[in-house]
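Only one structure is covered here, and it is reproduced in the block below.
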Amino acid sequence: MARPPAPLLLLLPVLLAGFLWCPGAMASYPPNCEKYGNHMCPRDYHPVCGTDGETYGNECVLCLANREEHTHVQILQKGHC
């Protein structure tokens with residue numbers, strides 16, 4: 001079996017570090033906006049971290065921001081960014 005070229009092996013850690021540094025490159029999932037209204041959100045505080053690097057108070061607040069700003073921010077993780 002042929003070995004990969006040495007420059008490729010040296011570049012691999014740099015590429016992996018880049019994926020971990022960029023928030024949008026990690027696995028994300030879309031918020032479930034269908035279960036919320038169009039203008040109001042519950043006041044419960046269950047923060048989610050968006051793929052834009054912002055922390056939203058809950059999933060509904062993220063949905064509302066996407067609607068108002070015409071964006072497609074997804075959930076990177078539950079909790080603070």
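Minimum heavy-atom separation, Asn58 to Val61: OD1-N, 2.9 Å. Cys60 and Met40 get closest at one heavy-atom pair: SG-O, 3.9 Å. The shortest heavy-atom contact between Ser28 and Gln74 is OG-OE1, 2.8 Å. Scanning all heavy atoms of the two residues, the minimum distance from Ala65 to Tyr56 falls at CB-CE2, 3.9 Å.
A side chain to side chain donor-acceptor pair (under 3.5 Å) check over residues 31-41, counting only residues at least two apart or in different chains, returns the pairs Tyr36-Glu59.
Atom OG1 of residue Thr55 and atom CG of residue Leu62 lie 11.0 Å apart, to the nearest 0.5 angstrom. To the nearest 0.5 Å, atoms CG (Leu64) and SG (Cys41) are separated by 5.0 Å.
Between Cys63 and Cys33, the SG-SG separation falls below 2.5 Å.
Thr71 meets the side-chain hydrogen bond (donor to acceptor under 3.5 Å, both in side chains) test with Asn66; sequence neighbours excluded.
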